[in-house]
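For reference, the structure discussed in these notes is given below.
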Amino acid sequence: MEKKTLDFPEEMNPPVVVQESGENLDLCKHKEEEDEDMFLSVEKISRLPVSIKFNIPKKIATKRRRKSEEEEKKAKLSSGDKVLRSDEILRLRKVSRQKYMKNREKKKVDEFRDQIEDEVLLNDGVKMTEKEVTEFRYKKKLYELLKKTEDDDVEGYRIPDAYDQEGCIDQKKRFAVAKERYCERRSGRGVTEQEAWEDHQAQKARVSFGAKDKKGVVDGFEFVFDDLKGLVEEYSEAESGKHRGCYSKTVGEKAREERELLPIHGYREELLKLIEENQVLVIVGETGSGKTTQIPQYLQEAGYTKRGKIGCTQPRRVAAMSVASRVAQEVGVKLGHEVGYSIRFEDCTSEKTVVKYMTDGMLLRELLTEPKLDSYSVIIIDEAHERTLSTDILFALVKDVAKVRPDLRLIISSATLEAKKFSEYFDSARIYLIPGRRYPVEKLFRKWPEPDYLETVIRTVVQIHQTEPIGDILVFLTGQEEIETVETNLKRRMMDLGTKGSEIIICPIYSNLPTELQAKVFEPARKGSRKVVLATNIAETSLTIDGIKYVIDPGYCKINSYNPRTGMESLLVTPISKASAEQRAGRSGRTGPGKCFRLYNVKDLEPTTIPEIQRANLASVVLTLKSLGIQDVFNFDFMDPPPANALLKALELLYALGALDENGEITKVGERMVEFPVDPMLSKMIVGSEKYKCSKEIITIAAMLSVGNSIFYRPKNKQVLADTARMNFYVGTENVGDHIALLRVYNDWKERNYSTEWCYDNYIQSKSMKRARDIRDQLLGLLNKIGIELTSNPNDLDAIKKAILAGFFPHSAKLQKNGSYRRVKEPQTVYVHPNSGLFGVSPSKWLVYHELVLTTKEYMRHTTEMKPEWLIEIAPHYYELKDIEDTRPKKKQRRSERASTSKVDTNKKTRTSKVDTNKKAKR
DNA sequence: GAGCACTGC
């Protein structure tokens with residue numbers, strides 16, 4: 001009580017500022033100078049679009065200061081603030097009249113600047129008009145004149161910062177002040193600020209019961225964010241131990257000591273108690289709380305490992321590896337002994353392993369052999385909010401397992417936005433909040449979407465470069481094409497600007513970029529220059545770049561969605577979700593306070609992205625479920641059920657492939673197929689290769705196809721050379737298709753001893769080839785496991801093509817008169833993809849293709865010529881003679897064909913619905 | 001003559 005009145009009079013508490021999105025940006029409890037700055041800057045955030053800002057000195061603002069209070073209220077309302085009660089305002093004034101006036105001043109300055117900006121905005125997107133240029137000059141002049149009279153030494157134009165009345169406060173200084181305060185407190189009172197803070201936080205972290213206490217959860221969570229202030233530096237030092245110079249202690253010792261500095265440390269006992277008492281616990285642990293590394297250790301220390309392993313899933317391989325290595329260090333054991341990880345192609349565990357990190361897909365695979373997870377005592381599903389296909393399936397499966405195993409503990413770790421949903425899903429499981437730790441990120445945004453965001457991106461980069469303190473810039477773009485466009489335009493712009501100012505180094509990064517070119521992103525920029533990273537979504541979660549201080553986020557990304565009706569995939573440029581926006585902004589606050597320039601308004605965004613399970617091809621998912629003995633996939637306990645027609649399509653396909661029988665139960669073939677971690681059509685192709693004595697070739701092709709479309713590298717300036725190199729794999733007497741070409745690429749590479757140089761010479765990505773080799777090795781092992789003999793038939797291309805058709809017979813297409821193709825079983829026109837070796841050569845009449853993609857047209861990717869009679873030979877249950885009949889009289893036959901097709905369709909439907917009914921009956 | 005974000009088993 002005393003503390004409160006003495007140090008922080010209540011009337012001095014800044015008002016709670018709510019951004020338009022509803023987030024509480026600043027909830028400082030202590031009245032300090034920077035609080036007011038923060039208040040101002042937050043207020044600015046809610047009103048200022050990002051563009052050239054003019055720093056108008058106080059003078060103008062002073063003139064406008066004496067406006068009525070009503071107007072002030074209005075202004076506050078319009079900026080999204082909660083209006084202060086008028087008595088509070090009066091008291092506030094009493095206490096700090098002068099300061100308040102200064103704030104007013106600033107506010108009015110901002111308003112004035114807004115007016116100017118609105119005018120600038122009118123000309124936004126278009127190139128500089130005469131009017132704009134004149135205005136620009138005029139304002140510059142005005143500014144300079146005013147500057148003379150004001151004793152202000154700020155030069156030029158800049159984006160508003162968290163400034164005080166004198167201008168821009170250096171963020172570092174700001175934190176130095178905060179730290180000073182922290183030191184003072186420590187000496188002045190018995191309680192250190194850290195202790196006080198921990199006390200405070202301990203009250204904040206609260207347990208809530210499912211959705212019943214939603215408000216509490218949200219409030220509590222948002223509360224814990226930002227009052228770290230003075231502690232931020234303390235903590236970050238602890239966290240980034242590797243950056244510290246002196247190593248008098250061993251790395252392990254240091255790591256162990258640092259454990260105690262993590263925010264989660266204070267909640268250890270409470271957390272353990274909760275886990276003991278509750279079978280399922282949803283944990284909201286913010287970035288930097290230490291949950292991923294600490295919880296498994298706490299559980300181990302509490303003796304959980306006596307009953308079984310502690311498994312912790314991660315959505316990404318690198319995460320599983322690096323976290324495991326960190327924990328092994330902290331515990332002081334060798335990685336792979338007591339602490340290990342398990343990812344595809346790499347099992348770094350032993351019999352001793354009690355804490356096991358793994359990818360979510362890996363746990364799903366383990367469930368196939370160990371349905372009750374008997375060897376585990378605790379399962380932690382980390383980053384559950386990312387909602388990968390695997391985690392979504394895992395949710396339902398572990399929920400089921402938990403019912404039959406009361407001793408099993410389940411911890412679901414998620415970000416705020418979805419915590420409530422997870423809790424509801426797990427039968428109102430408890431939610432526990434652990435505060436995180438991170439640097440503050442100032443968010444500036446546009447009220448309206450940008451008409452030409454690439455241009456705005458370039459302008460913002462230039463502006464940051466000219467007006468903001470040193471620090472690298474990260475720009476989020478949707479794809480390679482955009483990255484290349486921005487790169488060339490930005491270079492041009494920088495040239496136009498001449499030599500004044502320091503240089504910028506542009507680093508593009510996207511997953512298809514060869515590794516050696518990707519490395520450039522991680523090199524620190526030369527002294528005096530600034531790095532500008534142009535990245536796709538890869539920089540959102542997958543890789544972290546040090547030194548980023550500014551993030552420019554246009555708010556879009558490409559999302560893959562699968563259309564079950566047409567069986568076609570397409571990549572769509574889509575607005576990101578609020579969750580993504582937060583994640584992107586956070587990328588600027590990793591090593592120090594950051595700034596994020598949003599070229600959109602957060603309030604226009606959806607809260608979360610559509611989960612993958614609702615937009616993916618489900619063939620593989622359904623086969624996995626069937627193999628786990630889940631009969632009724634329609635009533636499976638999905639957190640967000642996928643569309644019914646997507647499930648139906650998957651069932652139909654699996655039935656056609658022979659993986660399911662007419663009752664919808666998994667067959668022998670299906671059991672074999674499920675062993676292979678590839679798409680069901682590919683696994684059927686592998687299983688089918690046994691018959692054609694070419695399993696060796698087929699697993700190579702399957703591996704190459706699994707890698708995707710990143711085998712051939714096609715740099716912009718060497719396209720012709722790259723294309724010529726690619727066509728070398730197609731030469732031969734026969735019409736070599738894309739599948740055979742891929743086989744040749746692999747075999748040639750193997751012949752050259754897997755040479756990287758050979759890859760360079762042939763415009764092939766060695767990274768992809770190495771991946772293909774890994775996959776092939778794995779497939780080889782599995783072939784052995786299920787007892788398919790490794791046979792080779794390299795010269796019988798027909799045998800290989802037939803084996804391909806064994807899996808891909810539904811993907812057949814026939815040439816039409818106009819040169820396009822038509823799918824045999826679906827009334828759909830498709831085209832050979834321009835990247836195919838069959839593109840532009842004398843067309844083959846019948847083709848089998850690997851996949852359909854919708855870009856500018858409906859394209860077949862990876863196609864190979866085939867003979868129509870093979871369709872009947874291989875898939876007599878699927879094709880009739882009519883389907884492949886060559887010549888026919890025009891009208892009559894067509895009608896009959898249509899009739900027969902629809903008949904087949906009806907048959908299929910009845911079959912499927914029969915499958916369904918049976919399942920329901922069984923249930 | 002088009003163009004492919006990112007993961008995972």
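Chain naming here is simple, since letters A, B, ... match the order of the sequence lines and numbering starts at 1 in each. Just so it is clear, the model here is predicted, and its values are computed rather than measured.
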Candidates [options] - which lies nearest the side chain of [X]:
X: A:Asp723; options: B:dG1, B:dC4, B:dA5; value: B:dG1
X: A:Gln719; options: B:dT7, B:dA2, B:dC4; value: B:dA2
X: A:Arg317; options: B:dG8, B:dG1, B:dC4; value: B:dG8
X: A:Arg316; options: B:dG1, B:dT7, B:dC4; value: B:dT7

Can you tell me if the side-chain N/O atoms of [X] get under 4.0 Å from OP1 or OP2 in [N]?
X: A:Thr359; N: B:dC9; answer: yes
X: A:Ser542; N: B:dC6; answer: no
X: A:Thr388; N: B:dT7; answer: no
X: A:Arg714; N: B:dA2; answer: no

**Study point:** CD1-OG1 distance between A:Ile576 and A:Thr478, expressed to the nearest 0.5 angstrom
**Key:**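 Result: 12.0 Å between the selected atoms.
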
Check your understanding: Is there a donor in the side chain of A:Arg326 and an acceptor in the side chain of A:Tyr357, or the other way round, less than 3.5 Å apart?
Key ->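 Checked: A:Arg326/A:Tyr357 side chains show no N/O donor-acceptor pair below 3.5 Å.
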
**Study point:** Of residues 551-567 of chain A, the positions that come close to DNA chain B - non-hydrogen atoms, cut-off under 4.0 Å
**Key:**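 Heavy-atom cutoff 4.0 Å gives A:Lys558, A:Asn560.
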
Exercise for review: May I have the step-by-step check of salt bridge (Lys or Arg N to Asp or Glu O under 4.0 Å) for A:Lys558 and A:Glu481, ending in yes or no?
Suggested key: CA-CA 12 Å; A:Lys558 276 187 184 168; A:Glu481 197 186 353; 5.6 Å; no

Review point. Where does the angle between the aromatic ring planes of A:Trp749 and A:Tyr746 fall among parallel (under 30°), tilted (30 to 60°) and perpendicular (over 60°)?
Key: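 Because their plane-to-plane angle is over 60°, the rings of A:Trp749 and A:Tyr746 count as perpendicular.
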
Review point. Starting at CZ of A:Arg615 and ending at P of B:dA5, how long is that distance when rounded to a whole Å?
Key: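 Atom CZ in A:Arg615 sits about 15 Å away from atom P in B:dA5.
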
Practice item. For A:Asp360 and for A:Gly479, locate the closest nucleotide of DNA chain B by heavy-atom distance; then report the residue assigned to the nucleotide nearer the 5' terminus. Key: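 Closest to the 5' end, via its nearest nucleotide, is A:Gly479.
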
**Study point:** Contacts of A:Ala741 that satisfy side chain to side chain contact (heavy atoms under 4.5 Å, CB included) - sequence neighbours left out
**Key:**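 Only A:Phe729, A:Tyr730 meet the side chain to side chain contact (heavy atoms under 4.5 Å, CB included) criterion with A:Ala741.
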
Point to revise | Check: A:His850 ring centroid to A:Phe808 ring centroid under 6.0 Å | key: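 Yes, they do, as the ring centres are separated by less than 6.0 Å.
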
